Enquirer: 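Okay, here's the structure, questions in a sec.
Note that the numbering runs from 1 along the sequence shown for the chain. Note that the structure is predicted; figures quoted are calculated from it, not measured. The figures that follow rest on heavy atoms only: side chains count, while hydrogens, waters and symmetry mates do not.
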Amino acid sequence: MQVARVQLTGWKAVAVLAALLVYGGIRYHSHRVSLETAGRDAVRSWLVAEYERSALADPGLPRQLDSATADELLRRSEVELGSLSARGWGDNVVVRVEIAVRGGPPPDGRSVRYLRLAHGFATGWRVIGSSSAFSYYTSFW
């Protein structure tokens with residue numbers, strides 16, 4: 001079996017390198033733009049579910065849903081996301097998000113959260129789970 005050998009020199013090498021840089025730049029930019037829209041929605045939905053789940057797991061919660069409990073669940077669903085910044089690529093994206101609930105602190109008291117996200121062609125952005133500040137600051141790109 002003979003292997004074809006390709007040798008790029010001069011302007012051909014520069015053209016191939018430029019094409020690879022443009023392709024990488026377009027992929028990087030489109031990745032970040034979709035994170036700002038669909039990724040933000042995925043993070044907000046995940047946080048709302050987490051806060052409502054913790055409210056429903058409260059042992060002091062009455063068995064039947066009364067108006068006070070319903071009001072508490074609605075209050076927890078009013079999650080506002082401040083800044084959202086991401087580091088990483090593909091299945092290794094860690095986001096740092098600032099959170100407020102009805103303009104105040106979240107029920108768990110953590111106003112800054114770090115979450116790991118992944119992007120799939122068919123599923124879009126989805127939250128894999130919680131992460132840490134260490135993972136965020138050691139992820140590059």
Enquirer: Search all heavy atoms of Ala118 against all heavy atoms of Ile128 and return the closest pair with its distance.
Expert: CB-CD1, 3.8 Å

Enquirer: Under 3.5 Å, side chain of Thr138 to main-chain N/O of Phe134, donor-acceptor pair present?
Expert: yes

Enquirer: To the closest 0.5 Å, what do you measure between CZ (Arg113) and OG (Ser131)?
Expert: 10.5 Å

Enquirer: Evaluate the side-chain proximity of Asp41 to Thr37: yes if any heavy-atom separation is below 4.5 Å, no if none is.
Expert: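 Result no, sub-4.5 Å side-chain heavy-atom pair not found.
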
Enquirer: Search all heavy atoms of Leu115 against all heavy atoms of Ser130 and return the closest pair with its distance.
Expert: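 Scanning both residues, the minimum pair turns out to be CD2-CA, 3.9 Å.
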
Enquirer: Please report the interatomic distance CD1(Ile99) to CG(Leu47), rounded to the nearest 0.5 Å.
Expert: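 Rounded to the nearest 0.5 Å, the CD1-CG separation comes to 4.5 Å.
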
Enquirer: Do Ser83 and Val97 have side chains that get closer than 4.5 Å, going by heavy atoms?
Expert: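 No; the side chains remain at least 4.5 Å from each other.
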
Enquirer: Please step through side-chain contact (heavy atoms from CB on, under 4.5 Å) for the pair Leu117 and Val43, ending with a clear verdict.
Expert: CA-CA 9 Å; Leu117 273 70; Val43 167; 4.0 Å; yes

Enquirer: Is the NZ or CZ atom of Arg96 positioned over Tyr136's six-membered ring, under 6.0 angstrom from the centre and within 45° of the axis?
Expert: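 Judged by the rule, Arg96 and Tyr136 form no cation-pi pair.
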
Enquirer: Do you know which two heavy atoms are closest between Trp125 and Gly39, and how far apart they sit?
Expert: CD1-N, 3.6 Å

Enquirer: Treating Arg116 as the side-chain partner and Val127 as the backbone partner, does any N or O pair qualify as donor plus acceptor under 3.5 Å?
Expert: no

Enquirer: For Arg40 and Leu81, run side-chain contact (heavy atoms from CB on, under 4.5 Å): C-alpha distance rounded to whole Å, both residues' side-chain angles, the deciding distance at 0.1 Å, then the answer.
Expert: CA-CA 8 Å; Arg40 183 176 283 273; Leu81 300 182; 3.3 Å; yes

Enquirer: Measure the spacing between CG of Leu17 and CG of Leu21 and express it to the nearest 0.5 Å.
Expert: 4.5 Å

Enquirer: If you look at every heavy atom in Ala86 and Val95, which pair is closest and at what distance?
Expert: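 So the minimum-distance heavy-atom pair works out to CB-CG1, 3.7 Å.
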
Enquirer: Between the side chains of Arg44 and Glu78, is the shortest nitrogen-to-carboxylate-oxygen separation below 4.0 Å, so that they form an ion pair?
Expert: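 So Glu78 does not pair with Arg44 through a salt bridge.
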
Enquirer: Kindly indicate, with the supporting measurements, whether the criterion salt bridge (Lys or Arg N to Asp or Glu O under 4.0 Å) is fulfilled by Glu98 and Arg110.
Expert: CA-CA 9 Å; Glu98 295 177 1; Arg110 298 184 291 174; over 6 Å; no

Enquirer: Roughly how far, to the nearest 0.5 Å, is OH of Tyr114 from OH of Tyr137?
Expert: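 Result: 4.0 Å between the selected atoms.
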
Enquirer: Looking only at heavy atoms, which two atoms of Gly88 and Val93 are closest? And how far apart?
Expert: C-CG2, 4.0 Å

Enquirer: Closest heavy-atom contact between Pro106 and Tyr51?
Expert: CB-OH, 3.3 Å

